[in-house]
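Here is the structure we will look at.
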Amino acid sequence: MSSSRLLKSTGVVGLMTLLSRVLGFVRDILFAAAFGAGAAMDVFLLALKIPNFGRRVFAEGALSQAFVPVFTEVKANGSHQDVRSLFDVVAGTLGGVLSLVTLVGCLGAPLLIWVFAPGIATDASRHALASELLRWTFPYLMLISLTALGGAVLNSYGRFAVPAFTPVILNLCLIATVFIDADSVRVLAIGVFAAGVLQLLFQLPWLARLDLFPRPRWGGGDPRVRRIVALMGPIVFGSSVAQISLLLDTVIASLLFAGSISWLYYADRLMEFPLGIFSIAVATVILPSLAAQHVSQSAERFSATLDWALRVLLVLGLPATAGLILLAGPLVSTLFQHGEFGLRDLDMTRWALMAYAFAFLGISLVKVLVPAFYARQLTSIPVRYGVISLVVGMATSLALVGLGLYLDWPAPHIALACATSASSLLNAGLLYRRLRRDQVYRPSSGWGPYLGRIGIALVVMSGVTWWLAGSIESWSGVPLSERAPRLALTLAAAAASYFAVLFAAGMRLSHVRGAA
């Protein structure tokens, strides 16, 4: 795929993701206004987080990364009937396994609450509510994993818009539930279940257009399924370690001040906004291209595609990182400081967001670098580096939280966000070093001037943003009708100053495209 087509596809995914993220913010604004960052919201977020852990292992983690290279190879070298057969057996096998996992998860909901959040489980009423909500949200794991499988197939055929639009359905369902009943978090859990069903159904007509309407059948003995499972093994292990790290963060947060889980959630949501628009969009687009280039043994094109992805990521990701730090207070105040979300919640969330800003950059780099391994069906190397990084992150979490409690920090939860940032940056560094050492990635010419122009533009943008942002008191003490246009003006001025300086320094679209 040429650089122009990659850029166009990334734009499509980014635009759809932007729509989803905007609706996600509308959803979270309603959540914050109706439920604040208190005990009830902590319970719902816990019930949502548990199936999301599994989703990251099966859907966004092992399944997509292992399935796409094998599917691309069969698509390139086999017939359409071979492609249909592979899709059917993978869908049937995955659906069968996840059906059993879902049954066990629903029956064992009270035990899972004890494992994931002992601080909540010790309160009988909160434990009962969390178990009830989890029985509604846990099936989402199976539904969204099957949806991700269909999305991977559509992406392999260059149909990026439909999978990228699918998350919008979840946000629409959750927004609707707030208007149905804003006094109970139970309706939110039901909305998650309904969204999972609708998301899966939404993709079926598009698969039918490709003559790939799924006819699931069990294929545990199929050699192609066994190959995918073999590729998934290291990824599942690495993802499991990642989930243990997230589990540890949740356990620690549940033992801190009430609201800690919610503060981290709201900060994470703001961090994931640019992550979805820039980083995940680029990673989604390049994986099928890298897999196809590996099959055709096009080493130069493989390196050029990766070079293009890094150029796009850095020119957009570095100013986003600076913006999350400089505008943490204005962002949190404008989006969430309503109703039950008070001044203390504002401070606790903005501090967490500042700490998460560097995690955005680290996770973005990992998202772009990992496909270079998975496209070549080398799953053990990034998993090994991921495990190293996560172990370091878990040790950092325990050490920083312990130090914070010993020194009586007012916001010990930010230590968890700091540890996430350190872990992700370490992981990105290890992946990059290995790709350079193996000469899989060979940077194209012009990187020095390219980074120099970005650096100059960042300095100017940061000065403009800092001057316009002002103090946090100037945001929290005024009505939303004043905060919203001021934030929009600040963001517009920051973006305009950044890109104007880039252009004045000689940056052109051809520099972003690189050698791809």
Side-chain angles (χ1 to χ4, degrees), residues 31 35 39-63 90-150 166-167 169-171 173-174 176-177 180-181 184-203 214 216 218 220 232 236 239-240 242-244 246-251 253-254 261 265:
F31 284 178
F35 306 107
M41 196 61 190
D42 278 358
V43 169
F44 167 70
L45 293 177
L46 173 65
L48 181 61
K49 181 174 288 188
I50 292 175
N52 271 338
F53 285 169
R55 172 180 61 86
R56 289 166 181 162
V57 172
F58 288 104
E60 295 176 355
L63 175 63
V90 172
T93 307
L94 176 69
V97 172
L98 290 181
S99 295
L100 180 60
V101 171
T102 299
L103 178 62
V104 173
C106 290
L107 294 176
L111 179 60
L112 287 174
I113 300 301
W114 272 105
V115 172
F116 275 75
I120 288 177
T122 54
D123 184 320
S125 60
R126 295 172 73 197
H127 185 208
L129 177 61
S131 301
E132 178 188 348
L133 299 188
L134 183 57
R135 291 191 174 101
W136 277 106
T137 61
F138 202 92
Y140 186 73
L141 165 61
M142 177 182 67
L143 296 167
I144 199 59
S145 296
L146 293 172
T147 301
L149 177 64
T166 303
I169 297 173
L170 172 63
N171 291 324
C173 288
L174 290 177
T177 58
I180 293 173
D181 186 356
S184 173
V185 294
R186 289 180 175 86
V187 70
L188 300 181
I190 298 173
V192 171
F193 175 79
V197 175
L198 293 175
Q199 285 175 307
L200 179 58
L201 294 177
F202 175 71
Q203 291 193 349
W218 180 259
M232 286 177 63
V236 168
S239 298
S240 298
Q243 302 321 309
I244 291 173
L246 293 172
L247 168 60
L248 179 62
D249 286 352
T250 304
V251 169
S254 74
I261 295 176
Y265 168 79

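For this chain, numbers begin at 1 and follow the sequence in order.
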Distance (rounded to the nearest 0.5 Å) between Ile113 CD1 and Leu46 CG:
4.5 Å

How would you list, by chain and number, every residue that makes a side-chain contact (heavy atoms from CB on, under 4.5 Å) with Ala109, sequence neighbours excluded?
Ser131, Leu134, Arg135

Sequence neighbours excluded, which residues qualify as ring-ring contact (aromatic ring centres under 6.0 Å, His included) partners of Phe193?
Trp136

Results of side-chain hydrogen bond (donor to acceptor under 3.5 Å, both in side chains) for Thr166 - residues two or more places apart only
Gln203

Distance check, rounded to the nearest 0.5 Å: Leu143 atom CG versus Leu170 atom CG?
11.5 Å

Gap between atom CD1 of Ile169 and atom CG of Leu201 - 0.5 Å precision
9.0 Å

Considering only heavy atoms from C-beta outward, does the side chain of Val192 approach that of Cys173 to under 4.5 Å?
no

Output side-chain donor-acceptor pairs under 3.5 Å for residues 92-101, partner residues at least two apart or in another chain, one line each.
from  : atom 1 : to     : atom 2 : distance (Å)
Thr93 : OG1    : Val89  : O      : 2.7
Thr93 : OG1    : Gly219 : N      : 3.0
Ser99 : OG     : Gly95  : O      : 2.7

Given side chains that start at C-beta, do those of Thr102 and Cys106 come closer than 4.5 Å, heavy atoms only?
yes

Taking it one step at a time, do Leu129 and Phe44 satisfy side-chain contact (heavy atoms from CB on, under 4.5 Å)?
CA-CA 9 Å; Leu129 177 61; Phe44 167 70; over 6 Å; no

Sequence neighbours excluded, which residues qualify as ring-ring contact (aromatic ring centres under 6.0 Å, His included) partners of Trp114?
His127

Output all residues satisfying side-chain contact (heavy atoms from CB on, under 4.5 Å) with Pro214, sequence neighbours left out; order by chain, then residue number.
Phe87, Leu204, Leu207, Pro216

How close do Leu133 and Ala47 get, counting heavy atoms only, and between which atoms?
CB-CB, 3.7 Å

Pairs involving residues 185-199, ordered by first then second residue, that meet side-chain hydrogen bond (donor to acceptor under 3.5 Å, both in side chains) (sequence neighbours left out)
Glu132-Arg186, Tyr140-Gln199

Is the shortest side-chain heavy-atom distance between Phe202 and Leu198 below 4.5 Å?
no

Enumerate the salt bridge (Lys or Arg N to Asp or Glu O under 4.0 Å) contacts for residues 94-115, please, sequence neighbours excluded, ordered by first and then second residue.
none

Would you mind reporting whether Ile50 and Thr137 have side-chain heavy atoms less than 4.5 Å apart?
no

Counterpart residues, side-chain contact (heavy atoms from CB on, under 4.5 Å), relative to Leu103 (two or more places apart)
Leu107

